[in-house]
Every structure is written in structure tokens, then in C-alpha cells.
Amino acid sequence: MTMPPPNTPFGRETGGVSDLPPPLPPRTSSPTVAKATQDSGQDRSVDRLLDLAGRWYRPIIEKDGWLAIAYLLGSAVVAPMLFAVMATFGSLVFGLMFIVIGLLLVAPFFEFTRYLVRAETWLAGIAGHQIEHRQFRPRNGAGFGGAFSALTDSTRWRFAGFVALNAVMAPVLAAVGLLPVSFVTDVLFSGGADKGNFPVGWLSWVLGPARVPVAILAIGAAPRVAVALAGAKADFHRWCIGDDRLAAAEQRVETLSTQRDDILDAVANERRRIERNLHDGVQQQLVAIGLDLGMAVNHLDDDPAVARQLIVSAREKVQGSIGELRQLGRGLHPAILEDRGIDAALSAVIANSPIPISVHVEPDLVLATGVAETVYLIANEAVANVLKHAKARVASIHVTSIGDNVRVTIHDDGIGGASPNGGSGLAGIRARVNGADGVLTITSPVGGPTTITAEVPRNA
């Protein structure tokens with residue numbers, strides 16, 4: 001057996017040279033590829049820097065920073081003036097306290113202070129800070145009792161204290177909030193050479209050559225600082241005289257409790273009304289129908305004419321019962337309201353009215369289902385009261401939109417004298433309006449006419 005020659009694959013050899021491919025040269029980086037990679041890394045770095053710069057300086061072109069600066073500047077100018085006016089009026093009022101005139105001017109002084117605060121609140125609104133004021137405690141009359149209640153109202157003193165504190169705070173916050181702007185202006189226009197211009201000139205002198213890059217960075221910081229300090233100032237404003245959230249929540253709980261009691265009373269009255277109507281109306285009709293049919297059966301053989309009359313009477317009573325059941329159903333949940341809308345539903349309410357009642361619904365009025373049902377039930381109950389008690393010759397229903405609310409007005413030319421606090425019908429209307437956070441107004445002098453106006457939110 002012959003072994004293959006060494007250093008030859010499988011012993012094959014041609015002309016003393018192996019037929020294997022020559023070995024690959026060692027890998028080396030291409031100058032072109034290396035340069036492209038380096039350029040790509042530099043491009044990414046440049047893009048990153050440009051993105052950071054865009055983010056940093058973007059607030060300059062946004063309105064929030066400029067509005068905050070306007071708020072700080074305006075308040076710095078107005079606040080001392082408001083305090084000066086209040087102090088002048090206050091010195092006059094409290095200087096005359098030893099005589100009657102000073103006591104009579106106490107309440108007007110605090111009212112005047114509230115108007116002064118509104119100017120500051122308007123400035124805060126420019127920067128997008130909406131502040132709801134606390135409500136003054138009602139005064140006990142207009143004389144000495146009213147002056148004493150005004151002097152003992154902590155909310156009135158909070159307003160006066162805010163005007164005094166704001167006269168100091170507003171200029172300080174404006175100076176701090178506009179410090180980046182002042183620094184940039186000093187570096188650009190005077191080169192930071194005036195060391196006596198404190199604090200921006202002194203700051204430029206301390207920074208030395210570094211003041212230029214710091215000023216460049218301060219351009220982007222200026223709107224951020226102004227927005228932050230404007231927000232802090234508005235928070236202080238809100239804390240001093242803004243609506244007390246805890247008190248508002250307690251008031252809301254009390255209101256909801258009252259509304260719940262009203263609704264429960266209205267539901268109980270509605271149940272009693274339905275029970276009474278069923279007992280006095282439909283139930284009696286059904287008993288009469290049963291009697292008529294029973295007698296008709298007894299006379300069917302010996303006197304068919306009488307039996308026929310009894311059957312006709314029973315049929316008429318059935319139709320009357322159906323009408324009463326439909327009337328009760330309208331007071332619960334009208335199907336026509338969902339099918340054809342509020343205009344058709346109200347037209348159905350007055351369809352069988354013994355007096356002319358007109359219905360006017362604002363064209364293209366769109367109401368949520370709950371709001372439409374509330375409006376319908378208010379009008380339905382009001383019309384029932386008109387037909388039962390008003391002795392009116394004519395009446396009308398108007399449904400219109402008023403801003404974010406919908407208003408339903410029922411007017412009649414009857415005898416009037418409807419008590420806003422009396423009658424289950426008016427109590428039911430009031431409960432429905434209160435349950436929708438609405439407002440009910442009843443005008444009914446003796447002798448008439450009567451106007452019931454209910455205004456409820458359209459998104460209730």
C-alpha cells in the first residue's frame with residue numbers, strides 16, 4: 001500500500017505545486033470604510049447635539065414663557081399700586097372708627113378690596129392660572145351688625161392680607177424670575193463690564209470669560225424660570241384667597257344630601273300619586289267594567305238590547321282606562337321621547353288638553369337622554385298642575401338652550417298664588433331640578449300669571 005506524498009492533499013500533485021487555493025491575506029481595515037464609520041459617528045453626535053439644543057431653546061418660541069413674563073412684570077407694577085390704594089382707603093376708614101361713619105365704611109372697604117384683588121386675578125388668568133375666589137360670609141344687615149360681621153370674617157381679612165403681602169412678593173418674584181433675561185441682556189449689550197450693576201453686572205464680573213456661554217444657556221433657561229415662578233405666585237394667590245376645597249367639598253356633600261332627601265320625597269310622592277290614580281281611576285273603572293259584563297251576561301238571553309248597552313258601556317270604560325294608563329305611563333318613562341325627541345314628546349303631553357297650550361322647542365336642539373327626560377318630566381308635571389289648579393285659559397311651554405344649560409319655561413294666565421314650597425307637584429319639579437344641579441324659579445303672584453322656569457346643565 002502506497003501512502004500519499006507528504007504536504008499534498010490526498011496525494012495529488014501537479015508539477016510539484018499543490019492545487020489548493022492560496023491562503024487569504026490578513027484582514028486590514030480599509031481607509032475608506034474607516035473614514036465613513038468615523039463620519040457616521042460624528043453625524044450622530046451632531047444630530048444629538050442639535051436635538052438637545054432644540055429641546056433646550058424650544059420654550060423661547062412658545063407662548064407660555066412670554067405670558068409668564070408678562071404676568072410677573074404686570075403684577076410687579078400693579079401690586080404696589082393696589083396696596084397703596086387699599087392703604088389709603090383703609091387709613092380713612094379705620095381712622096374714622098371713633099365715630100359712626102368709620103363703622104359704616106367697613107363693609108364697603110372690604111368690598112373695594114375684593115375688587116382690587118380681581119385685577120391681580122385677571123393678571124394670573126393671562127398666564128393661564130384660573131383662580132376661583134372664596135365667598136365672603138353674609139353680613140348681618142347693613143348697620144352696625146353688618147360692620148361687626150364684616151370685621152369678624154376671616155375671608156375678608158385674607159383678601160386684605162393678600163393685597164399687602166403681594167405688594168412685597170410680586171416685585172421680588174419678578175426680579176428673580178427675570179434674572180436670566182437681565183443677565184443675557186447685560187452680557188449682549190454691555191459685555192458684563194459694569195460690575196456695579198447688581199446682581200447681573202456682579203455675576204458677569206465673577207464669571208469672567210465664562211459669562212458668554214453661560215448667557216447662551218440662560219436664553220433657554222429664562223422662560224423655564226419665569227413659568228416656574230409664575231406658577232408659584234399663582235399657587236400663593238390661590239392659597240390666600242382661592243376657593244377652599246375642603247369647604248367646597250363639605251358644601252357639595254351637604255347639597256347632595258339635600259338633593260337625595262328631595263329625590264326620596266319626590267319618589268314617595270310619585271308612588272302615592274300613582275297609587276291614588278290607580279285606586280280612584282283605573283281600579284274603579286275595572287270594577288265597573290266587571291259589573292257591566294256580569295249584568296250583560298245575565299240579560300244576554302232575556303233582554304239582548306240591555307246586554308248590548310252594558311257591553312257598549314264596558315267598552316267605553318275600557319277605552320277610558322287605557323287613556324288613564326297611558327297618562328300614568330307618560331309620567332314614568334315616555335317611549336315617544338326616545339323615538340321622536342323632546343318636541344314630539346311635549347306635543348303628546350298637551351294633545352288632549354282642554355285649553356290651548358303651545359309648545360316651542362328651539363330648532364336643532366340636541367339633548368342627552370337623561371337631560372331630555374328631566375325636561376320632559378318637569379314640563380309634564382307643570383302642565384298637570386296648570387290643568388288641575390291654575391284655572392288658566394291658555395298656557396305655553398318653551399325649551400331653549402342658554403349657554404351650557406337648557407331652559408324650560410311653563411307659563412299660564414291662571415289665578416296664580418302657587419307657593420314655591422307647597423304642593424307635591426312643585427316639590428317633584430324642584431327635586432328633579434335639584435337632582436340635575438339646576439336652578440328653579442317660580443313666579444306666581446295672586447291673580448296670576450304663573451311662570452315656572454327650570455334651567456339644568458345640558459351635560460347633566
TODO: Give a yes or no on whether E62 atom CD has more than 12 heavy-atom contacts from other residues, nucleotides or ligands under 6.0 Å away.
DONE: yes
Open item on the list: Just verifying a value: how many Å separate L346 CG and Y376 OH, rounded to the nearest 0.5 Å?
Closed with: 7.5 Å
Task: Beyond-backbone contact of N166 with S75, side-chain heavy atoms, under 4.5 angstrom - done: yes
Task: Test item: R238 and E132 side chains (from C-beta on) under 4.5 Å apart, heavy atoms - done: no
- [ ] Could you tell me how the ring of F89 sits relative to the ring of F109: parallel (under 30°), tilted (30 to 60°) or perpendicular (over 60°)?
- [x] perpendicular
Task: NZ/NE/NH1/NH2 to OD/OE distance under 4.0 Å, R393 and D413 - done: yes
- [ ] Specify the closest pair of heavy atoms between M86 and L116, including all atoms of both residues, with the distance to one decimal.
- [x] CB-CD1, 3.7 Å
TODO: Please determine if E120 and K233 form a salt bridge, counting it only when a charged side-chain N lies under 4.0 Å from a carboxylate O.
DONE: yes
Open item on the list: What's the separation between atom OG1 in T155 and atom CZ in R134, rounded to the nearest 0.5 Å?
Closed with: 6.0 Å
- [ ] Quick one: pull up CD in E381 and CD1 in I410 and give me the separation to the nearest 0.5 Å.
- [x] 10.5 Å
Task: Contact check, side chains of L365 and S401, non-hydrogen atoms, under 4.5 Å - done: yes
Open item on the list: Measuring from atom CG of D412 to atom NZ of K391, what distance do you get when rounded to the nearest 0.5 angstrom?
Closed with: 13.0 Å
Open item on the list: Aromatic contact between F136 and F110, with the criterion being ring centroids under 6.0 Å apart: yes or no?
Closed with: no
Task: Least distance between heavy atoms, L367 atom then V375 atom - done: CD1-CG2, 4.5 Å
Open item on the list: A side-chain contact here means heavy atoms from C-beta on lying under 4.5 Å apart; do L123 and Y71 qualify?
Closed with: yes
TODO: State the OG1-CD1 distance between T400 and I402, to the nearest 0.5 angstrom.
DONE: 4.0 Å
- [ ] Anything under 30° is parallel, anything over 60° is perpendicular, the rest tilted; go ahead and classify F162 against F236.
- [x] tilted
Task: Minimum heavy-atom distance between I355 and A392, given as atom pair plus value - done: CG2-O, 3.5 Å
Open item on the list: A side-chain contact here means heavy atoms from C-beta on lying under 4.5 Å apart; do V225 and L179 qualify?
Closed with: no
Task: Working for side chain to side chain donor-acceptor pair (under 3.5 Å), residues T441 and T453 - done: CA-CA 5 Å; T441 304; T453 303; 5.9 Å; no
Task: Backbone N/O of A160 and side chain of R114: donor-acceptor pair under 3.5 Å - done: no
Task: Beyond-backbone contact of D64 with P223, side-chain heavy atoms, under 4.5 angstrom - done: no
- [ ] Using distance alone, with no hydrogens and no angle criterion, decide if H133 and T121 have a side-chain donor and acceptor under 3.5 Å apart.
- [x] yes
Open item on the list: Quick one about T451 and H411 (side-chain donor to acceptor, distance below 3.5 Å, no hydrogens or angles considered), yes or no?
Closed with: yes
Task: Taking every non-hydrogen atom, the tightest pair across D343 and V359 - done: OD1-CG1, 4.0 Å
Task: Criterion side chain to side chain contact (heavy atoms under 4.5 Å, CB included) on I350 and I397, from CA distance to verdict - done: CA-CA 10 Å; I350 55 96; I397 303 173; 4.2 Å; yes
Open item on the list: For S358, is there any backbone N or O sitting under 3.5 Å from a side-chain donor or acceptor partner on S396?
Closed with: no
Open item on the list: Which residue is it: V383, V349, V394? I am looking for the one with a side chain to side chain contact (heavy atoms under 4.5 Å, CB included) to I357.
Closed with: V383
Task: Flag, side chain of R407 to backbone of V456, donor-acceptor distance under 3.5 Å - done: no
Task: Cation-aromatic face contact R156/F159, 6.0 Å, 45 degrees - done: no
- [ ] For W66, look at atom CH2 and say whether over 12 heavy atoms of other residues, nucleotides or ligands are found less than 6.0 Å away.
- [x] no
Open item on the list: So which atom in W157 and which in A150 form the shortest heavy-atom distance, rounded to 0.1 Å?
Closed with: NE1-O, 4.4 Å
Open item on the list: Side chains of T374 and V408, heavy atoms from C-beta outward: is any pair under 4.5 Å?
Closed with: no
- [ ] Carefully, step by step, assess T450 and T443 under the rule side chain to side chain contact (heavy atoms under 4.5 Å, CB included).
- [x] CA-CA 6 Å; T450 297; T443 304; over 6 Å; no
Open item on the list: How long is the straight-line distance from OH of Y57 back to CD1 of I219, given to the nearest 0.5 Å?
Closed with: 5.5 Å
TODO: Report the C-alpha distance between D235 and H129 in whole Å, list the side-chain angles of each, state the deciding distance to 0.1 Å, and finish with yes or no for side chain to side chain contact (heavy atoms under 4.5 Å, CB included).
DONE: CA-CA 9 Å; D235 290 339; H129 300 284; 5.8 Å; no
Task: Over all atoms of both residues, closest heavy-atom pair of R224 and R55 - done: NH2-O, 3.1 Å
Open item on the list: I want to check something: taking the side chain as every heavy atom from C-beta on, are V406 and E455 in contact at a cut-off of under 4.5 Å?
Closed with: no
Open item on the list: Can you confirm whether more than 12 heavy atoms, excluding those of D404, are under 6.0 Å from its CG atom?
Closed with: no
